[in-house]
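First the structure, in the form of structure tokens, and then the observations on it.
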Protein chains: 2
Amino acid sequence: MRPAAPATIKDVARLAGCGIATASRVLNKSGPASTEMRERVERAARDLGFNFNAAGRALQSRKSMTIGCLVPSLANPVFAEAVQGVQSELLGSGYQLLISCSNYDDDADNAAITTLLENNVDGIIATMVAPNRSTALMQTKQRDIPVSLMFHDPIDGMVTAYVDNFVAAAEVARRFAAFGHTRVGFLALRFSTSDRSRNRYAGFYKQCRTSGLAQPSLIEISEEDAHHPERLAAILASYPDVTALFASNDFLAIAVQKATRHLGWQVPQDLSVVGFDGIEVGRLLETPLSTIETSPEAMGRQAAQSLLNALQGLGLKQRPPLPFSFREGETLAAPNPKRTDDDRVAAQPSSVHPAQDQNQSRTNP
Amino acid sequence: MRPAAPATIKDVARLAGCGIATASRVLNKSGPASTEMRERVERAARDLGFNFNAAGRALQSRKSMTIGCLVPSLANPVFAEAVQGVQSELLGSGYQLLISCSNYDDDADNAAITTLLENNVDGIIATMVAPNRSTALMQTKQRDIPVSLMFHDPIDGMVTAYVDNFVAAAEVARRFAAFGHTRVGFLALRFSTSDRSRNRYAGFYKQCRTSGLAQPSLIEISEEDAHHPERLAAILASYPDVTALFASNDFLAIAVQKATRHLGWQVPQDLSVVGFDGIEVGRLLETPLSTIETSPEAMGRQAAQSLLNALQGLGLKQRPPLPFSFREGETLAAPNPKRTDDDRVAAQPSSVHPAQDQNQSRTNP
DNA sequence: TATGTAAATGGAAACGTTTCCAATGAGACA
DNA sequence: TGTCTCATTGGAAACGTTTCCATTTACATA
């Protein structure tokens with residue numbers, strides 16, 4: 001037998017012996033109905049296994065009951081957890097989650113937003129490469145579709161769920177100073193395309209100066225470098241005077257720990273490392289990672305809450321930044337006075353990082 | 001000014017000076033049209049910034065161009081990566097991804113499937129607690145909606161993208177035997193609710209017997225235990241004769257490494273540990289994890305491919321299991337002959353795991 | 001020129017829902 | 001009994017699209 005077409009509200013009305021309008025009112029509890037009619041309709045719906053057809057509803061009500069969510073990648077647990085947070089916040093709300101990933105690509109970002117818009121999403125939650133200059137995002141204003149960002153610091157009056165990257169990064173500089181470090185560095189992966197990374201550097205830089213540290217070295221590396229400990233080791237070796245490194249995310253910080261072993265350095269004796277994000281695995285390392293602990297899930301939840309409020313007509317309101325905390329870990333300590341720079345330079349591998357010069361760029365914020 | 005209602009195909013037709021049907025044919029390239037008409041319509045569409053309305057389309061065509069995806073949780077990178085694989089495979093296909101998470105809850109699983117069905121998804125990709133006895137999943141048959149599972153071994157003729165857990169786990173037993181271990185254990189988190197975990201144990205158990213090892217100890221722990229190294233340590237200490245442990249996933253294996261430090265044991269000298277999944281962070285540990293390496297992303301891709309094929313009317317076909325490999329790592333070695341059991345027992349902390357008895361259950365597959 | 005064929009085109013129905021509005025009926029009050 | 005109210009109820013339009021089918025047009029052939 002061929003798949004029986006699902007029952008429609010018409011079928012329910014016919015079985016209940018009433019008009020379609022009445023059936024709709026009963027099933028939606030959206031209007032008056034006698035007790036008897038109510039019972040007849042509900043019974044009919046139950047008997048037929050009736051379910052609303054979302055398309056019909058969406059067409060008529062001009063609401064898709066769907067929320068679009070765009071993140072760079074789900075392979076990054078930070079974003080995956082955020083989406084998880086969004087998802088769980090949306091759970092009882094009746095809204096469904098439409099997902100898109102950009103793989104950190106600006107064009108893909110815009111294409112994804114456009115697609116979401118074509119799918120009539122009622123709202124959008126996004127983390128993008130450049131939300132401030134996304135043409136696609138402009139259209140949301142025109143169409144009056146609320147947008148709630150995640151991770152981004154506030155820009156252009158867009159509402160966002162975030163931790164204050166500037167302030168958090170400054171905290172790291174303060175800790176470095178407290179331990180007596182003077183030459184420090186900032187390690188970033190996608191510095192040019194990540195406003196978060198740039199804000200972290202800015203806050204770090206500012207506080208370094210305030211605390212009397214030397215201007216921090218900005219070390220930008222490629223994905224390739226990050227995945228090859230020996231390459232990363234060579235890069236690190238080319239900054240022999242840096243005694244503490246702030247990595248713009250935990251994965252980078254973990255990669256640094258791994259790379260230092262290639263150099264025969266000890267963390268934190270020879271090099272202190274602090275990460276950002278506070279991913280769970282950082283705790284499990286033999287030397288637990290010192291890091292800025294954030295809650296991506298909370299960001300997802302807050303973004304979802306803001307959006308739901310807006311969708312209820314309560315307005316889209318910016319909330320204060322989410323809290324972060326410094327997780328002590330064991331990768332931050334005072335610089336080792338016994339080891340001289342020469343010792344460390346001597347331990348450096350013979351192969352020098354080929355792109356070393358480019359990577360030594362020291363940019364001001 | 002209030003948000004301008006988006007242009008409809010009617011507007012396009014009017015501006016192009018043709019019938020709606022013609023406009024539709026041109027825009028969809030679904031029928032004949034003169035070159036001149038084609039130009040007029042396309043120009044009108046461009047000028048109006050026309051986009052199809054998904055709801056109207058879905059209603060008429062009875063296709064939502066939407067695929068539902070249900071996973072236990074996105075906080076687990078294994079599933080997050082799988083979804084990422086699904087997502088990227090779907091990218092150019094015109095299908096959108098609707099996401100749901102069950103948090104490993106059977107009822108939530110069924111509720112989620114029902115919701116997806118109500119949203120008229122054209123197909124479903126899922127990893128569930130118990131797909132074989134999901135009543136909601138039955139409905140997909142009735143409505144002729146293709147379903148493609150991920151991670152599950154084949155059951156009930158359902159199509160699934162998976163690695164052969166039984167065979168992969170047997171490989172671990174073989175490696176244990178090759179290194180000369182005789183007393184081994186299997187550590188599981190959600191043994192009773194995870195068919196994957198059970199299949200891994202079954203394969204492991206079988207091969208242990210075949211290779212002449214003692215019957216492996218089945219050690220089932222709670223989420224709580226896994227997060228508290230001292231608790232896990234106490235549990236491990238209660239299996240003093242076990243020299244090699246197969247953890248049913250990498251996180252557990254990493255937790256074990258961490259817990260052993262509480263006992264003063266060295267991995268792999270005092271205890272060999274092998275994980276399952278092959279998550280990236282395993283590589284970054286000071287002692288890189290030995291594990292069965294799989295590709296969740298590939299599973300997601302394959303599941304999506306199968307579904308897309310089915311959606312094109314090519315039929316839903318089971319494909320052979322995806323490959324896995326044994327990642328050497330450094331947490332598997334020969335048992336240390338110098339350390340006696342007594343030594344190790346002596347190192348065990350005084351506090352004994354309270355639920356120890358229950359956890360010592362040794363079940364046959 | 002008349003006829004036939006194929007290509008191009010448009011009208012209109014249908015998809016499933018919500019909701020406006022008019023119609024019905026019952027009870028209350030004078 | 002006759003009006004008036006108010007609660008129920010149902011008809012029908014509208015949402016934006018696709019597609020069947022009929023009509024028109026152009027052109028080639030007899």
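Both backbone and side-chain heavy atoms feed into the values below; hydrogens, waters and symmetry mates do not. Quick note on labels: first sequence line is chain A, next is B, and so on, each numbered from 1.
At whole-Å resolution of the value, CG in B/Asn53 and C1' in D/dG16 are 5 Å apart. D/dG16 atom P lies 14 Å from atom CG of B/Leu48, rounded to whole Å. Atom P of nucleotide C/dC15 and atom CZ of A/Phe52 are separated by 18 Å, given to the nearest angstrom. The CG-P distance, from A/Asn120 to D/dC15, rounds to 15 Å in whole Å. Going from atom NZ of B/Lys63 over to atom P of D/dG16 covers 23 Å, rounded to whole Å. For the pair A/Arg40 CZ and D/dG10 C1', the computed distance is 13 Å after rounding to whole Å. Rounded to an integer number of Å, the gap from CD1 of B/Ile20 to P of C/dA13 is 13 Å. Remark: C1' of C/dT18 and CE of A/Met65 are 14 Å apart, rounded to the nearest angstrom.
For B/Met37, taking side-chain heavy atoms from C-beta onward, the closest of the listed nucleotides D/dT17, C/dT9, C/dT17 is C/dT9. Of the candidate nucleotides C/dT17, D/dT9, C/dA8, C/dA8 has the atom nearest to the side chain of B/Pro32.
Looking at heavy-atom distances under 4.0 Å, B/Ser24 makes contact with a base. A/Asn51 comes within 4.0 angstrom of sugar-phosphate atoms only, judged by non-hydrogen atoms across all strands, and of no base. A/Ala21 comes within contact range of at least one nucleobase, with a heavy-atom separation under 4.0 Å. Across all strands shown, B/Gly19 has heavy atoms under 4.0 Å from sugar-phosphate atoms exclusively, and none from any base. The residue A/Arg25 sits close to a base: some heavy atom pair falls under 4.0 Å.
Judged by distance alone, with hydrogens and angles left aside, the side-chain atoms of A/Ser64 form a donor-acceptor pair with the main-chain N or O of A/Asn120 at under 3.5 Å. Not one N or O on the side chain of B/Asp122 forms a donor-acceptor pair closer than 3.5 Å with the backbone of B/Ile67.
Using a 4.0 Å cut-off between charged side-chain N and carboxylate O, B/Arg301 and B/Glu297 make a salt bridge. Residues B/Arg38 and B/Glu42 are not paired through a salt bridge, judged by the lack of any N-O separation under 4.0 Å between the basic side chain and the carboxylate.
Checking the phosphate oxygens (OP1, OP2) of C/dT9, a side-chain nitrogen or oxygen of B/Ser34 falls inside 4.0 Å. Proximity of B/Asn28 to the phosphate of D/dT18: a side-chain N or O atom is located under 4.0 Å from OP1 or OP2. A close approach under 4.0 Å does not occur between any side-chain nitrogen or oxygen of A/Arg62 and OP1 or OP2 of D/dA14. The phosphate of D/dT18 (OP1 or OP2) has no side-chain N or O of B/Ser61 nearer than 4.0 angstrom.
Both B/Leu59 and B/Thr22 lie close to DNA chain D; mapped to their nearest nucleotides by heavy-atom distance, the more 5′-ward contact belongs to B/Leu59.
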### Task
Kindly determine whether A/Arg14 and A/Asp11 satisfy salt bridge (Lys or Arg N to Asp or Glu O under 4.0 Å), including the steps that lead there.
CA-CA 5 Å; A/Arg14 185 158 357 102; A/Asp11 300 324; 3.2 Å; yes
